[in-house]
Structure formats: C-alpha cells, structure tokens
Engineer: 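Please find one structure pasted underneath; my questions will follow.
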Amino acid sequence: MPLPKLPLLLVLLAVTAACSPRQSCIYRATGEFRTLEHDIKETREALRRGYRIERRSVPRTVFGICYARDPATMKPIPYTCRDTVFETETYRVPINRAREARNLAEYEAALPAARARAAAGTRQCEATYPEED
C-alpha cells in the first residue's frame with residue numbers, strides 16, 4: 001500500500017471503530033436516501049449555474065535539493081532531486097439542460113420511496129440494536 005494512503009486508512013479505521021453497531025446499521029440503511037438527496041442538490045446547482053463542477057487529480061513534478069552522505073567523509077552532498085505531487089484541479093463541464101431536468105425529475109420521484117426505505121431500515125436498526133443506558 002502506498003505510504004500517503006496509510007494515514008487516511010488509519011483515520012477511517014479509527015472513525016469506523018468509534019461507531020456503534022447501531023450507528024453503522026443506520027448509516028447503511030440511509031445510504032441510498034443520502035445519495036439521492038446529494039444528487040438532487042448537485043443537479044439543482046448545475047441547472048442554476050449552467051455547468052457542473054468536476055475535479056481531477058493532476059501530477060506535478062517539483063524539483064528540490066536533496067542530500068546524500070559521502071561514505072568516506074560522511075559530509076552531506078547536495079544534489080538536485082525531483083518528486084511528484086498531486087494537485088486537485090477544478091474545471092467546468094457544460095451540461096445538457098433537458099437531460100439534467102429529466103434526471104432531477106427522476107431523482108425527485110424516487111425520493112419518497114427512498115425516504116420510506118430509510119425510515120424502515122432505521123426502525124429495523126433501532127429494534128436490532130436498542131440503546132443501552
């Protein structure tokens with residue numbers, strides 16, 4: 001596993017370890033509903049703006065001075081070195097307003113059923129994992 005992803009993985013493990021089984025169950029049960037709400041919000045914003053905002057990770061090479069030790073004298077020897085860093089770029093993507101309006105209508109039509117499933121799932125989680133005082 002690459003080293004930069006290790007701290008993120010440790011944070012995710014710590015966060016999920018802090019959740020109770022009940023909280024994890026409710027989070028899973030409401031996932032579809034939350035995703036649908038997020039899609040509705042993003043689609044409304046895209047229709048208002050006239051474009052979507054996308055992000056991509058772009059590699060950049062940066063140069064710097066590194067040091068190595070001379071094996072004979074143990075003195076530092078400077079040399080030019082390079083490293084790759086990743087930056088996030090934000091850019092606009094034009095939208096098809098008719099398609100976005102259709103998507104929004106579909107999302108809004110699916111929302112009540114998703115809300116009902118989330119509520120039923122939450123009740124099931126509460127019954128399966130009652131709160132302990």
Side-chain angles (χ1 to χ4, degrees):
M1 176 182 306
L3 188 59
K5 293 183 182 180
L6 185 60
L8 177 63
L9 180 62
L10 292 175
V11 168
L12 288 174
L13 285 173
V15 168
T16 55
C19 293
S20 69
R22 178 183 175 145
Q23 290 168 327
S24 296
C25 180
I26 291 171
Y27 183 79
R28 286 189 306 272
T30 59
E32 177 192 2
F33 176 69
R34 286 181 286 108
T35 299
L36 204 49
E37 280 190 322
H38 176 76
D39 290 345
I40 288 171
K41 179 182 173 223
E42 278 199 355
T43 304
R44 283 182 179 155
E45 288 175 0
L47 283 167
R48 182 182 54 78
R49 283 189 308 260
Y51 59 88
R52 285 196 173 274
I53 296 176
E54 299 286 334
R55 290 173 184 79
R56 64 180 163 215
S57 185
V58 179
R60 304 263 190 248
T61 301
V62 292
F63 293 91
I65 303 293
C66 295
Y67 296 90
R69 294 232 177 245
D70 181 348
T73 64
M74 295 307 289
K75 290 185 179 179
I77 302 171
Y79 65 95
T80 303
C81 58
R82 66 178 180 208
D83 193 15
T84 302
V85 295
F86 291 87
E87 297 175 354
T88 301
E89 282 185 354
T90 303
Y91 60 100
R92 297 176 181 184
V93 177
I95 62 169
N96 178 332
R97 286 188 174 275
R99 183 182 305 143
E100 293 292 329
R102 277 193 311 271
N103 288 346
L104 180 59
E106 289 174 10
Y107 296 153
E108 289 174 337
L111 192 62
R115 181 180 288 120
R117 284 191 297 276
T122 299
R123 285 191 301 274
Q124 180 63 41
C125 291
E126 290 169 347
T128 304
Y129 303 103
E131 284 192 52
E132 297 175 9
D133 293 327

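In what follows, residues are counted from 1 in the order of the sequence shown.
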Engineer: Can you see which heavy atom on Pro21 is nearest to which on Tyr129, and at what distance?
Structural biologist: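 For Pro21 and Tyr129, the tightest heavy-atom pair comes out as CB-CE2, 3.6 Å.
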Engineer: Could you pull out all residues at least two apart from Glu106 that satisfy side chain to side chain contact (heavy atoms under 4.5 Å, CB included)?
Structural biologist: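 Glu106 satisfies side chain to side chain contact (heavy atoms under 4.5 Å, CB included) with Asn103 once adjacent residues are dropped.
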Engineer: Closest heavy-atom contact between Ser24 and Cys19?
Structural biologist: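 Closest approach of Ser24 to Cys19, heavy atoms only: OG-CB, 3.7 Å.
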Engineer: Looking at residues at least two apart in the chain, or sitting in another chain, which of them share a side chain to side chain contact (heavy atoms under 4.5 Å, CB included) with Ala118?
Structural biologist: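 Applying side chain to side chain contact (heavy atoms under 4.5 Å, CB included) to Ala118 gives Thr30, Phe33.
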Engineer: Looking at Arg92, I want to see if its CZ is surrounded by more than 12 non-hydrogen atoms of other residues, nucleotides or ligands under 6.0 Å.
Structural biologist: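 Count not over threshold, so no.
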Engineer: For Glu42 and Arg52, work out which heavy atoms get closest and say how close.
Structural biologist: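 Where Glu42 meets Arg52 most closely, the heavy atoms are OE1-NH1, 3.8 Å.
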Engineer: Which atoms form the tightest heavy-atom contact between Ala46 and Ile95, and what is the distance?
Structural biologist: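 Looking at all heavy atoms of both residues, the shortest contact is O-CD1, 3.3 Å.
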Engineer: How far apart are the closest heavy atoms of Pro76 and Arg69, and which atoms are they?
Structural biologist: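 Scanning both residues completely, I find the closest heavy atoms to be CD-NH1, 3.7 Å.
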Engineer: Output the distance between atom CD (Glu45) and atom OH (Tyr51), rounded to the nearest 0.5 Å.
Structural biologist: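 Between atom CD of Glu45 and atom OH of Tyr51 there are 10.5 Å.
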Engineer: Could you pull out the closest heavy-atom pair between Gly50 and Arg97, with the gap in Å?
Structural biologist: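 So the two residues come closest at CA-NH2, 3.3 Å.
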Engineer: Compare all side-chain heavy atoms of Arg22 with those of Cys25 and state whether any distance is below 4.5 angstrom.
Structural biologist: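 A side-chain contact under 4.5 Å is absent here.
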Engineer: So does Arg99 have more than 12 non-hydrogen atoms from other groups sitting under 6.0 Å from CZ?
Structural biologist: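 Atom CZ in Arg99 is not crowded, with 12 or fewer foreign heavy atoms closer than 6.0 Å.
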Engineer: Between Pro78 and Tyr67, is there a side-chain heavy-atom distance shorter than 4.5 Å?
Structural biologist: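 Tyr67 reaches Pro78 side chain to side chain.
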Engineer: Could you walk me through whether Leu104 and Ile40 satisfy the side-chain contact (heavy atoms from CB on, under 4.5 Å) test, starting with their C-alpha distance in whole Å, then the side-chain angles of each, then the deciding distance to 0.1 Å, before giving a yes or no?
Structural biologist: CA-CA 6 Å; Leu104 180 59; Ile40 288 171; 3.9 Å; yes
Engineer: What distance do Leu47 atom CG and Arg44 atom CZ have between them, rounded to the nearest 0.5 Å?
Structural biologist: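 It comes to 10.0 Å.
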Engineer: Between Ser57 and Glu87, is there a side-chain heavy-atom distance shorter than 4.5 Å?
Structural biologist: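 No, every pair of side-chain atoms sits at 4.5 Å or beyond.
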Engineer: Please check if the number of heavy atoms outside Tyr27 that lie under 6.0 Å from its OH is greater than 12.
Structural biologist: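 Atom OH in Tyr27 is not packed in, count stays at 12 or less.
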Engineer: Can you check side-chain contact (heavy atoms from CB on, under 4.5 Å) on Arg55 and Ile53, steps first, answer last?
Structural biologist: CA-CA 7 Å; Arg55 290 173 184 79; Ile53 296 176; 4.2 Å; yes
Engineer: With Thr43, which of His38, Arg48, Glu100 fulfils side-chain contact (heavy atoms from CB on, under 4.5 Å)?
Structural biologist: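 Single pass found, and it is Glu100.
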Engineer: Could you give the distance from CD (Glu54) to OG1 (Thr90), rounded to the nearest 0.5 Å?
Structural biologist: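 Between atom CD of Glu54 and atom OG1 of Thr90 there are 10.0 Å.
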